[in-house]
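Each remark here refers to the structure printed beneath this line.
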Amino acid sequence: MSKATLSYVCQSCGSAFPKWRGQCEACGAWNSLVEEAATSVPGSSRKLKGNSPIEFSDLRANSTPVARLSAQMPEWDRVCGGGLVPASAVLIGGDPGIGKSTLLLQLAAKLSQQHKCAYLTGEESLEQIRMRARRLGVENSNVALAASCHLGDILKTLEQPDGFDLVIIDSIQTLYADVLDSAPGTVAQVRFCAQELVRLAKKKGFCLVLVGHVTKDGMMAGPKVLEHMVDAVLYFEGDRGHQFRILRTIKNRFGATDEIGVFLMSDQGLSEVANPSALFLSDRAQNVSGTAIFAGIEGSRPILLEIQALVTPSPLGMPRRTVVGWDSNRLAMLLAVLEKRAGVSFGQQDVYLNVVGGLKIQEPAADLAVAAALVSSLKDKALPGDAVFFGEIGLSGEVRSVSQMDARLKEAAKLGFATAYMPTYTAKNKDIQMQPVRVIRGLLKELVGNPATRQIVES
Ligand code: TYD
Ligand code: MG
């Protein structure tokens, strides 16, 4: 047995140091070093053997595509790229209480109709899970339940012949491998347990779903290596104050990333939302200034969202800029462009911007909708209720084209919108009137075109 030496391991990036320090030199995180015994992994000190050469095979070989495990939950299946792939590992992260355990229990119940499913928990008692199952109405499903956090026992069980098709571990941070001296949830433990489970999943051919905790700044607890080890990383996010929950792909070796699935949390668990745009727009107030509808794209799917701006005179020397659901740097840039290129000044105004529904938008295509909402609020003039907006705004005030314009137009037309303010586009669309906007000044002229404001805009 090799001598165990102490080292200090950063819990956010996994770097090890011989001495404790307040800040990790590798990733810059503060107070992240934890003392861990660096025991050598059994077998690693042995000399590498290399007797049998590997065999190459041809890329063009005929192989049948793998049959995915379809859960008959369209939102989940789409996020996974068409269903779970056998012999793969999926990591699902999210804030505490967001609904990870609920989602996975519902998934296990669905899949158990055709496959053998196991749900292993280290967080709750079996009675708690049964109670949740009753609440979800899936108490009669054929799901094998176990409460255990001992990795050795779990591996031994899963290795048995005639094993499971789906294994859910809730959560990886509670697992404990007794070959390591560090506590459960530390980087060394999490890494080792995940490695062993993933190895077994590949060997036995089951789908492994790991739940991972998220630290307070939204990172997956444990090192980034955990994300490298698995085939897909999904985040389950949402605002606790809202009912919407969004399942987002961060990484997927078997499908597109940036795909989202939308769920609704109710007292009977999570239900899938097939038409999120209609839901996000359901409480929309008509004829109010400061709101614009953005035709966005999330993954492969178009989603219409309401963007709200409130611009009020500021009593402060330095006006306030508050953004929820969008990038505050992008807002600052847009305000500067509006001032310089369109002559609309927000210098003495507080600006509040909100994306309704608790969604976070990353697309630059939202620029035009945000600009329209801001100016509408500043001038206290409602935008046309049947219009959607999309387009990226450049620093010289030009409106640039964005991806998937057809999909955006189609979704807007489907929901009854009549006009789309958008970048110049040559394709024809008979369902919705396309209103090309070349420069941001042109949009303002169009929208707040009363004589008084026109003077400001054109001066
Ligand atoms: P849970 O799945 O335990 O979250 P996580 O595993 O991500 O920590 O979900 C817990 C929350 O979900 C809890 O606040 C209660 C709520 N909830 C409902 O609103 N309806 C339900 O049917 C269930 C089961 C939970
Ligand atoms: Mg849980």
Side-chain angles (χ1 to χ4, degrees), residues 71 73 75-76 79-80 84 89-112 117-141 143-149 154 166-176 184-185 189-190 193-194 197 207-222 226-227 230 232-250 260-273 276 279 357-360:
M73 289 166 69
E75 297 292 302
W76 166 270
V79 170
C80 298
L84 288 169
V90 178
L91 177 68
I92 158 163
D95 290 333
I98 206 71
K100 303 181 290 300
S101 307
T102 309
L103 176 70
L104 292 180
L105 190 58
Q106 284 183 271
L107 174 75
K110 274 268 171 132
L111 276 173
S112 68
C117 301
Y119 187 103
L120 291 136
T121 179
E123 307 209 320
E124 292 155 300
S125 69
L126 295 185
E127 202 37 53
Q128 274 175 311
I129 297 187
R130 288 198 191 104
M131 237 163 70
R132 176 178 294 142
R134 273 196 290 278
R135 198 166 155 188
L136 302 173
V138 297
E139 68 272 34
N140 295 323
S141 319
V143 179
L145 278 189
S148 169
C149 9
I154 293 175
L166 170 75
V167 175
I168 294 169
I169 308 273
D170 190 358
S171 66
I172 185 73
Q173 272 89 3
T174 54
L175 290 196
Y176 176 74
Q189 285 283 0
V190 167
C193 294
L197 283 164
C207 301
L208 175 70
V209 179
L210 300 172
V211 174
H213 287 173
V214 165
T215 55
K216 62 177 182 305
D217 35 302
M219 294 283 291
M220 197 74 83
L226 194 56
E227 298 191 11
V230 296
V233 179
L234 312 178
Y235 267 69
F236 202 37
E237 56 189 37
D239 197 288
R240 209 99 41 95
H242 285 100
Q243 285 185 303
F244 314 117
R245 299 285 183 271
I246 311 252
L247 187 64
R248 191 184 289 277
T249 341
I250 306 294
I260 67 163
V262 182
F263 295 86
L264 201 62
M265 176 67 99
S266 68
D267 50 358
Q268 276 120 43
L270 292 157
S271 51
E272 298 183 81
V273 179
L279 184 75
L359 218 71
K360 290 188 187 68

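As the structure is a computational prediction, the values presented were derived from the model and not from experiment. Count residues from 1 along the sequence. Ligands are counted one by one from 1 in listed order, and the atoms in each one are counted from 1 as well.
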Can you tell me which residue and heavy atom of the protein come closest to [atom], and the distance to 0.1 Å?
atom: atom 2 (O) of ligand 1; answer: T102 OG1, 2.5 Å
atom: atom 15 (C) of ligand 1; answer: R135 NH2, 4.7 Å
atom: atom 4 (O) of ligand 1; answer: G99 N, 3.1 Å
atom: atom 12 (O) of ligand 1; answer: M265 CE, 3.3 Å
atom: atom 22 (O) of ligand 1; answer: G269 N, 2.8 Å
atom: atom 11 (C) of ligand 1; answer: G97 O, 3.4 Å

Heavy-atom distances under 4.0 Å are what count here, so tell me which part of [X] touches ligand 1: side chain, backbone, both or neither.
X: P96; result: backbone
X: L136; result: side chain
X: K100; result: both

Task: Option from I260, I98, V273 for which side-chain contact (heavy atoms from CB on, under 4.5 Å) with I246 holds - done: I260
Task: Option from D170, I169, I168, L145 for which side-chain contact (heavy atoms from CB on, under 4.5 Å) with L120 holds - done: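 Considering D170, I169, I168, L145, a side-chain contact (heavy atoms from CB on, under 4.5 Å) with L120 is found only for I169.
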TODO: Look at R132 together with E124 and state whether they make a salt bridge at an N to O cut-off of under 4.0 Å.
DONE: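 Salt bridge present between R132 and E124.
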Would you give the length of the straight line joining atom [atom1] of [X] to atom [atom2] of [Y], rounded to the nearest 0.5 angstrom?
X: W76; Y: I92; atom1: CH2; atom2: CD1; answer: 5.0 Å
X: L105; Y: R130; atom1: CG; atom2: CZ; answer: 11.5 Å
X: M265; Y: D267; atom1: CE; atom2: CG; answer: 10.5 Å
X: L136; Y: I129; atom1: CG; atom2: CD1; answer: 11.0 Å
X: L247; Y: C80; atom1: CG; atom2: SG; answer: 7.0 Å

Task: Options S101, A133, G94, ranked by nearest heavy atom to atom 6 (O) of ligand 1, top entry - done: S101
Task: Which of the ligand 1 atoms, numbered from 1, are nearer than 4.0 Å to a heavy atom of S266 - done: 18 (C), 19 (O), 20 (N), 21 (C), 22 (O)
- [ ] Number the atoms of ligand 1 from 1 as they appear, then name those within less than 4.0 Å of a heavy atom of R132, with their elements.
- [x]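 Going through ligand 1 atom by atom, the ones under 4.0 Å from R132 are 1 (P), 3 (O), 24 (C).
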Open item on the list: Strictly distance-based, threshold 3.5 Å: is any side-chain N or O of E75 a donor or acceptor partner for the main-chain N or O of V262?
Closed with: yes
- [ ] Kindly confirm whether the Mg ion (ligand 2) is within less than 2.8 Å of some N/O/S atom in S101?
- [x] yes
Task: Verify atom 24 (C) of ligand 1: protein non-hydrogen atom under 4.0 angstrom away - done: yes
